[in-house]
Amino acid sequence: MRSNKKQLSMRKHVSFKLFLSLILLSLHANYLHQHVKALPLHTSSRWIVDENGTRVKLACVNWASHLETMVAEGLSKQPVDVISERIGIMGYNCVRFTWPLFLATNNSLSSLTVRKSLESLGLNESIAGIEVNNPCFLDYSLIQAFQVVVSSLANHKIMVILDNHISKPGWCCSSSDGNGFFGDKYFNPDLWIKGLSRMANMFVNTSHVVGMSLRNELRGPKQNISTWYRYMQEGAEAVHAANPNVIVILSGLEYDKDFSFIAKRPLNLTFSGKLVFEAHWYGFSDGIAWETGNSNEVCGKVVNTMMRKAGFLLEKGWPLFISEFGVDQRGGNVNDNRYLNCMFGVAAELDLDWALWTLVGSYYLREGVRGLDETYGLLNNDWGDTRSPNFSSRIKALQAPFQGPGLSRRRTYNVLFHPSTGLCVLRQSQVLLQTLKLGSCSKSEAWVYTTPQRILLKGTYYCIQASKIGMPVTLGILCNGNKSQWKKISESGMHLSSKFGAMCMDVSSSNTIITSLCKCLEKDNKCDPGSQWFKIINSTRDLLGLDNIALPTSSDGRINLPSENVEFHNERKSMIM
């Protein structure tokens, strides 16, 4: 009997934990969607905002529908509404939905039924899968099937960005595929503008279609700046005329990596408040530099290049949307893993809008291979679950905005973000000399990184202090000495080095914040500094960091400060008040 009671108790405990996790997932998704109430979107300086002027952070995933079948991938694996619902549950508020130009301009193609399209490519297994999961789709025309997927996303409150990925359906991209730049074999500018106008008008009454990306990854030998200005401006005007509700998203040159020319010559458009620029950022774009080079040096170099070619747009007051980034979700690619630590640090610091490549777990047909497994896919091969639970939990911190118009009335503070885990620095307890740990960024403390290189708990006299190598860092109030000073070092700028000794902030196996010897500062290509990378970022969103702060007081209620801390008290007085 006792054994049965114990088993029943355990089952109840497991059921409660499962129920609680589902509630938390739902709350997370609701939090991310709560600001998306007043569509359409527009821009305010570098931010994308809703009708009320409140920042809406694009936390998107790419869903491919531009390959030879011209059918949204995955419909043979799961019902379309199940896929749409899963996107929201995973915390993504947006889909960058790809389409080939010929879908909007070639009536003989777009009027093909889904069944005929798949039959023409010998994809009988995919037909059988759609018959099970989405039987009504088989008799839809290709353009109708595209519209139904958009409707499913909209019904689940997922925003949609329509991305003209390519002209001739197929895998993208190469410099010689005839789809790269205006005037290429399959890239007639007049036909392109016609297709953009048709697609924009098609969804003019679908409020959750919030943006149109004019063209993916311009590239190839015909690239030139003057032609870019001519046709990108014409395309932008055509889209805005057909559907003034959508934001208009422009890609750069060199596979969507270079906007440096914009610094000298802004666009000349008849409309305002609707223009966004998009860039792409992958680890493989740098060859094997992340695997063979020193990660600190590579990160510093790559980020400097990205800022010079695209990131400067934020400083100029233009929104920048990283519409493609991604990694091998299996987790074994050293190049990708090191790049992602660097990229996540920058994405948090700049609070970027972004779209992960890709939702797709497998393809009907890609580059001649049927049922190809997509190792960059967020979902697994059968689209039934995430490929990497670790990645999914890690990216949650970047799904919510840290700052922006209307987000909060709180003054700017700092968050200590740890890119390799996607977590932030929190207190372990509410007592003096308390230790620190990593935890959810939604519960992060509010820190202040001061000019004398101290890290203070905002609104208190507490500062982060170093001890001995391998020992936890603590919060204390004796903040004048070098134990309390933390300098940003290395080319990555993400090491926090204590002036008390040659040691850096680090994370133990139990996620406690400790100090260790600073690593990977020399030209060592085998060293991974990820555990020691912290990014100090600005935030204004509501957090729990200022709740229940216990200050040391005397019996009469006055704050006790040691005499050696008087100078520090004077420095902090204005911030505490």
Worksheet entry | Lys/Arg-Asp/Glu bridge criterion (N-O < 4.0 Å) met for D351, R55 | yes

Response to the item:
Minimal heavy-atom distance between H280 and S323, with the atoms involved, is NE2-OG, 2.9 Å

Fill in: Inter-residue atom distance W228.CH2 - L250.CG, 0.5 Å rounding
5.0 Å

Worksheet entry | Between CG on residue N188 and OG on residue S167, distance to nearest 0.5 Å | 8.5 Å

Worksheet item: Quick one: side-chain contact (heavy atoms from CB on, under 4.5 Å) partners of T206, sequence neighbours excluded?
Response: V150, A154, F203, V209

Worksheet item: Can you name the residues that form a side-chain contact (heavy atoms from CB on, under 4.5 Å) with S45, not counting sequence neighbours?
Response: none

Discussion item. If you compare all heavy atoms of A348 against all heavy atoms of F402, which two are closest, and at what distance to 0.1 Å?
Written reply: O-CD1, 4.1 Å

Item to complete: Look at the side chain of S76 and the backbone N and O of S126, then say whether any donor-acceptor pair between them is shorter than 3.5 Å.
Response: no

Discussion item. Tell me if a side-chain donor or acceptor on Y413 pairs with a main-chain N or O of R541 at a distance below 3.5 Å.
Written reply: yes

Discussion item. I'd like to know if D184 pairs up with R219 as an ion pair, taking the criterion as any Lys NZ or Arg NE/NH1/NH2 lying under 4.0 Å from an Asp or Glu carboxylate oxygen.
Written reply: no

Worksheet entry | Distance-only polar pair, side chains of H165 and T98, donor-acceptor under 3.5 Å | no

Discussion item. We want to know whether Y376 and D336 form a side-chain donor-acceptor pair, criterion being a heavy-atom distance below 3.5 angstrom.
Written reply: yes

Worksheet item: Are F277 and W318 close enough that their ring centres sit under 6.0 Å apart?
Response: yes

Worksheet item: Taking the six-membered ring for Trp, are W354 and F321 ring centroids under 6.0 Å apart?
Response: no

Worksheet item: Are H418 and C424 side-chain neighbours, meaning at least one heavy-atom pair lies under 4.5 Å?
Response: no

Discussion item. So I87 and I83, do their side chains get closer than 4.5 Å, heavy atoms only?
Written reply: yes

Discussion item. Has W192 got a side-chain atom pairing as donor or acceptor with L214's backbone, closer than 3.5 angstrom?
Written reply: yes

Worksheet, complete the sentence: So CG of D256 and CD1 of I322: to nearest 0.5 Å the spacing works out to 8.5 Å

Practice prompt. Check whether the ring centres of F97 and W63 lie less than 6.0 Å apart, and answer yes or no.
Written response: yes

Discussion item. Within 45 degrees of the ring normal and closer than 6.0 Å to the centroid, is that where the cationic atom of R215 sits relative to F187?
Written reply: yes

Worksheet item: For the side chain of Q78 and the backbone of D382, is there at least one donor-acceptor N/O pair under 3.5 Å apart?
Response: yes

Practice prompt. Please test R366 against E374 for salt bridge (Lys or Arg N to Asp or Glu O under 4.0 Å), starting from the C-alpha separation and ending with a verdict.
Written response: CA-CA 10 Å; R366 174 180 151 182; E374 173 55 272; 3.0 Å; yes

Worksheet item: Any side-chain donor paired with an acceptor under 3.5 Å for N224 and S226?
Response: yes

Discussion item. Looking at N390, is its backbone amide N or carbonyl O close enough to the side chain of S393 to form a donor-acceptor pair, meaning the two atoms are under 3.5 Å apart?
Written reply: yes

Discussion item. Determine whether a donor-acceptor pair (N or O, by modelled atom type, separation under 3.5 Å) exists between the side chain of N538 and the backbone of T412.
Written reply: no

Worksheet entry | Pair D373 + R330: basic N to acidic O under 4.0 Å | no

Worksheet, complete the sentence: Interatomic distance, CD1@I48 vs OG1@T54, rounded to 0.5 Å, equals 14.0 Å

List the atom pairs, donor and acceptor, that lie under 3.5 Å between side-chain atoms in residues 261-275 and the rest of the protein, sequence neighbours left out.
from, atom 1, to, atom 2, distance (Å)
T270, OG1, E237, OE1, 2.7
T270, OG1, E237, OE2, 3.1
K274, NZ, L41, O, 2.5
K274, NZ, N245, O, 2.7

Response to the item:
Heavy-atom nearest pair, S392 first then K396, reads O-CG, 3.5 Å

Item to complete: May I ask you to decide if N216's main-chain N or O and N164's side chain share a donor-acceptor pair within less than 3.5 Å?
Response: no

Fill in: Side-chain heavy atoms of L142 within contact of V114, under 4.5 Å
yes

Worksheet item: Once the angle between the rings of F182 and Y231 is folded into 0 to 90°, is it parallel (under 30°), tilted (30 to 60°) or perpendicular (over 60°)?
Response: tilted

Worksheet entry | Main-chain N/O of T113 paired with S117 side-chain donor or acceptor, under 3.5 Å | no

Response to the item:
The side-chain contact (heavy atoms from CB on, under 4.5 Å) partners of S440 (sequence neighbours excluded) come to S442

Fill in: Residue list, side-chain contact (heavy atoms from CB on, under 4.5 Å) with D139, at least two apart or on another chain
R115

Fill in: Nearest heavy-atom neighbours spanning Q403 and E349
NE2-O, 4.3 Å

Worksheet, complete the sentence: Tightest non-hydrogen contact, residues A279 and A310, listed as CB-CB, 4.1 Å

Worksheet item: Looking only at side chains, do D81 and S84 share a donor and an acceptor under 3.5 Å apart?
Response: no

Item to complete: Determine which pairs satisfy salt bridge (Lys or Arg N to Asp or Glu O under 4.0 Å) with at least one residue from residues 87-98, sequence neighbours left out, and list them in order.
Response: R96-D163, R96-E278, R96-E324

Response to the item:
d(K116 NZ, L109 CG) to nearest 0.5 Å is 14.5 Å

Worksheet entry | Minimum side-chain heavy-atom gap H208-I158 below 4.5 Å | no

Worksheet entry | Donor-acceptor pair, side chain of R198 and main chain of A104, under 3.5 angstrom | yes

Worksheet entry | Side-chain donor-acceptor contact under 3.5 Å, T69 with Y363 | no

Worksheet item: Looking at F417 and C441, what are the two nearest heavy atoms and their distance?
Response: CD1-SG, 3.8 Å

Discussion item. Please check this pair: side chain of N380 against backbone of W383, looking for a donor-acceptor N/O pair closer than 3.5 Å.
Written reply: yes

